[in-house]
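Okay, so here's the structure we're looking at.
Not measured: the values here are computed from a predicted model.
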Protein chains: 2
Amino acid sequence: MSAPAQPGSPPAGLRKGATRHDHIVEDIRSFIVDGRWPPGFQLPVETDLAERYGVSRMTMNKALGQLAREGFLVRRKKSGTQVAQPRAESAVVAIADIRDEVRRSGRAHRFHLLARRARPGREEDALLLGDAPGSREVLWLQGLHLADDHPFCFETRLINPDAAEGAKEQDFADLAPGAWLLGAVPWSVASHRVRAVNATAAEAKLLELEVGEACLEIVRRTQAAGDWVTGVRLLYPGSEHQLVANFGPDAGGGPSRG
Amino acid sequence: MSAPAQPGSPPAGLRKGATRHDHIVEDIRSFIVDGRWPPGFQLPVETDLAERYGVSRMTMNKALGQLAREGFLVRRKKSGTQVAQPRAESAVVAIADIRDEVRRSGRAHRFHLLARRARPGREEDALLLGDAPGSREVLWLQGLHLADDHPFCFETRLINPDAAEGAKEQDFADLAPGAWLLGAVPWSVASHRVRAVNATAAEAKLLELEVGEACLEIVRRTQAAGDWVTGVRLLYPGSEHQLVANFGPDAGGGPSRG
DNA sequence: TAGTGGTCTAGACCACTCC
DNA sequence: GAGTGGTCTAGACCACTAG
């Protein structure tokens with residue numbers, strides 16, 4: 001551990017569009033990522049750093065707080081601020097929206113409804129919803145997402161008509177239920193589960209795969225105002241689809257508070 | 001859209017441990033998630049809200065800024081703050097650390113080295129690394145992660161000896177290279193890719209699966225100080241493994257700045 | 001008990017953007 | 001031009017905790 005370089009020398013030309021605390025965050029992060037400030041390195045106290053950077057303590061606090069939230073720093077009262085130990089190899093990946101994903105790849109998205117049924121809830125619905133929906137009526141759908149008219153994703157969905165006003169009147173012939181629900185249900189929270197499964201014969205035929213080919217299965221359960229809204233299973237050909245993430249250390253963050 | 005309830009009435013008993021802006025965030029978020037403030041709803045201006053909540057404008061700004069980062073609010077100068085339109089069905093999923101994951105399920109984690117080789121880089125290494133490593137020497141490893149002595153994850157890894165000091169001297173006989181690298185390389189950033197693949201004959205044998213069974217494949221590429229450090233392919237039995245997330249609307253956030 | 005971060009305030013200036 | 005959010009400041013008090 002050689003003597004680390006000193007921060008704070010005002011970089012003469014501030015980059016455009018960056019706030020002061022943004023600049024400080026990037027400056028200190030570069031010290032850490034470059035290894036000049038190794039894990040465990042003790043930073044000067046907030047007031048000192050604020051003086052060196054020529055900002056108020058609150059601005060400095062904002063910058064250090066952000067770096068702590070990102071996982072680069074550990075801050076404790078009395079003992080001060082240290083560079084964090086690199087953590088477990090964890091990360092987060094993003095699950096994109098189907099339409100966006102198709103369109104971003106330069107292809108045209110289309111939804112094709114395969115089946116639509118209004119029926120009483122069953123016990124097996126718990127596979128999609130987590131809990132059994134009871135005996136009240138549910139809306140059950142199956143459909144295929146197409147990219148340039150090629151199979152992209154096979155969708156199986158349950159909708160709670162009580163939570164999604166107008167669902168019973170929607171035929172979803174060409175409108176993806178996910179897109180419709182977006183406008184019909186104000187705000188919701190969802191949980192996700194990602195697995196790998198082998199395509200069944202029926203699924204393989206729909207997705208134009210060989211039977212047994214590996215597929216990525218995403219199950220999303222959506223709730224709003226305390227009631228379930230929808231549960232959906234999305235099946236992607238494993239060869240075609242992948243989840244991607246480009247992230248630093250943090251594997252948390254996000255609005256997990258709700 | 002009925003007249004929304006009014007915020008700001010101080011909730012008599014402040015919850016313990018919550019800061020003022022935390023309380024405001026949760027209060028407003030509940031208005032949005034409950035549907036009392038529908039998408040597009042125009043919020044009072046910052047100064048008004050600050051007065052109603054009995055806080056300074058900066059505290060109010062902190063709360064509203066957080067809600068905007070989380071995706072619940074959209075803020076524009078002059079036109080003010082509105083409840084955001086629910087966005088595309090996107091989300092984030094967490095990739096956990098292997099040891100943590102095994103231990104959290106109450107089982108014992110063990111790593112068993114299957115192969116270890118120091119050799120010049122090849123073109124095919126680009127599959128793991130993204131770029132070809134050139135002709136410099138790389139360290140190539142294969143091993144099995146066990147949970148209570150049952151196969152849990154099959155790992156194939158390349159290590160850059162120049163970036164990970166001491167790697168050549170490590171035999172990794174029982175030490176998972178990921179864990180070792182954590183302590184050997186100060187800080188790094190990684191990119192991830194998740195796919196579904198069919199197990200090959202060799203993989204199936206190692207993981208005690210049938211040939212062709214669907215597996216979750218995670219490829220992680222790690223860099224530090226501008227050079228690649230390691231590239232790893234983790235193969236999980238699809239039946240056993242799943243990625244899980246419980247998240248709200250936000251699919252971004254995180255330290256994507258780096 | 002003293003040092004540190006965590007938070008809050010009142011006021012200020014600026015930048016953007018809609019009218 | 002005026003209204004709004006974005007940011008910053010100087011100072012203050014508090015909570016936690018290591019010594």
Side-chain angles (χ1 to χ4, degrees), chain A residues 7-8 10-11 13-29 32 37 40-84 253 257, chain B residues 7-8 10-11 14-29 32 37 40-84 252-253 257:
Chain A
L14 279 176
R15 280 178 305 86
K16 242 182 80 178
T19 64
R20 298 196 199 188
H21 77 264
D22 273 345
H23 170 257
I24 296 173
V25 164
E26 292 178 26
D27 194 45
I28 293 183
R29 185 162 38 207
I32 297 171
W37 284 5
F41 175 72
Q42 182 84 35
L43 273 71
V45 296
E46 221 173 60
T47 46
D48 277 11
L49 282 170
E51 197 178 344
R52 296 192 201 182
Y53 276 105
V55 299
S56 72
R57 195 194 142 211
M58 227 202 158
T59 302
M60 199 65 222
N61 180 279
K62 197 171 179 179
L64 294 175
Q66 181 174 333
L67 286 164
R69 279 194 305 276
E70 291 179 8
F72 288 105
L73 295 179
V74 172
R75 315 196 73 192
R76 272 190 303 272
K77 302 177 186 195
K78 178 72 177 177
S79 50
T81 303
Q82 297 186 345
V83 174
R257 245 179 246 280
Chain B
L14 279 176
R15 279 175 306 83
K16 242 182 82 179
T19 64
R20 298 197 200 187
H21 77 263
D22 272 345
H23 170 257
I24 296 173
V25 164
E26 293 178 25
D27 194 46
I28 294 182
R29 185 163 38 206
I32 297 170
W37 284 4
F41 175 72
Q42 182 83 36
L43 273 72
V45 296
E46 222 174 57
T47 47
D48 277 10
L49 283 171
E51 197 177 347
R52 295 193 201 182
Y53 277 104
V55 298
S56 72
R57 195 195 142 209
M58 228 203 158
T59 301
M60 199 65 222
N61 180 277
K62 197 172 178 178
L64 294 176
Q66 181 174 333
L67 286 164
R69 279 194 305 275
E70 291 180 7
F72 288 105
L73 296 178
V74 172
R75 314 195 75 191
R76 272 190 304 272
K77 300 177 188 197
K78 177 71 178 179
S79 45
T81 303
Q82 297 186 345
V83 175
R257 246 180 244 280

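- Note: NE2 (His23(A)) to C1' (dG6(D)) measures 19 Å, nearest angstrom.
- Along DNA chain C, the nucleotide nearest to Arg57(B) and the one nearest to Met60(B) differ in position, and the one closer to the 5' end is contacted by Met60(B).
- Rounded to a whole Å, the CG atom of Leu73(B) is 16 Å from the P atom of dT4(D).
- With the nearest nucleotide of DNA chain D identified for both Met58(A) and Ser79(A), Met58(A) has the one nearer the 5' end.
- With dT4(D), dG6(C), dT9(C) as the choices, the nucleotide that has an atom nearest any side-chain atom of Lys77(B) turns out to be dT4(D).
- Across the protein-nucleic acid pair, Glu51(A) atom CD and dT9(D) atom P stand 13 Å apart, rounded to whole Å.
- As the counterpart of dG19(D), no nucleotide is assigned, since no Watson-Crick or G-U wobble pattern has both distances under 3.5 Å.
- Between the CG atom of Leu49(B) and the P atom of dT4(D) there is a distance of 12 Å, rounded to whole Å.
- Remark: P of dG3(C) and CG of Asp48(A) are 13 Å apart, rounded to the nearest angstrom.
- Atom CD of Gln82(A) is surrounded by more than 12 heavy atoms from other residues, nucleotides or ligands within 6.0 Å.
- Applying the side chain to side chain contact (heavy atoms under 4.5 Å, CB included) test to Ser79(B) and every residue at least two apart in sequence or in another chain returns Arg76(B).
- Atom CD in Glu46(A) sits roughly 14 Å away from atom C1' in dT9(D) (whole-Å rounding).
- Contact check, His21(A) against dT7(D): no side-chain N or O comes under 4.0 Å of OP1 or OP2.
- Contact annotation: Arg20(B) does not reach the phosphate of dT7(C) (side-chain N/O to OP1 or OP2, under 4.0 Å).
- A close approach under 4.0 Å does not occur between any side-chain nitrogen or oxygen of Thr19(A) and OP1 or OP2 of dG6(D).
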Side chains of residues 57-64 of chain B: which donor-acceptor pairs under 3.5 Å do they make with residues two or more places apart or in other chains?
{"residue": "Arg57(B)", "atom": "NE", "partner": "Glu46(B)", "partner atom": "OE1", "Å": "2.5"}
{"residue": "Arg57(B)", "atom": "NH2", "partner": "Glu46(B)", "partner atom": "OE1", "Å": "3.0"}
{"residue": "Thr59(B)", "atom": "OG1", "partner": "Ser56(B)", "partner atom": "OG", "Å": "3.3"}
{"residue": "Asn61(B)", "atom": "ND2", "partner": "Glu46(B)", "partner atom": "OE2", "Å": "2.8"}

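- Nucleotide dC19(C) holds its P atom 7 Å from the NZ atom of Lys78(B), rounded to whole Å.
- Contact annotation: Thr81(B) reaches the phosphate of dG5(D) (side-chain N/O to OP1 or OP2, under 4.0 Å).
- The distance between atom CZ of Arg76(A) and atom P of dG5(C), rounded to the nearest whole Å, is 11 Å.
- The two residues Leu49(B) and Pro44(B) come nearest to each other via the heavy atoms CD1-O, 3.6 Å.
- A sub-4.0 Å separation between OP1 or OP2 of dG6(C) and a side-chain N or O of Asn61(A) is present.
- The CG atom of Leu67(A) sits 10.0 Å away from atom CD1 of Ile24(A), with the distance rounded to the nearest 0.5 Å.
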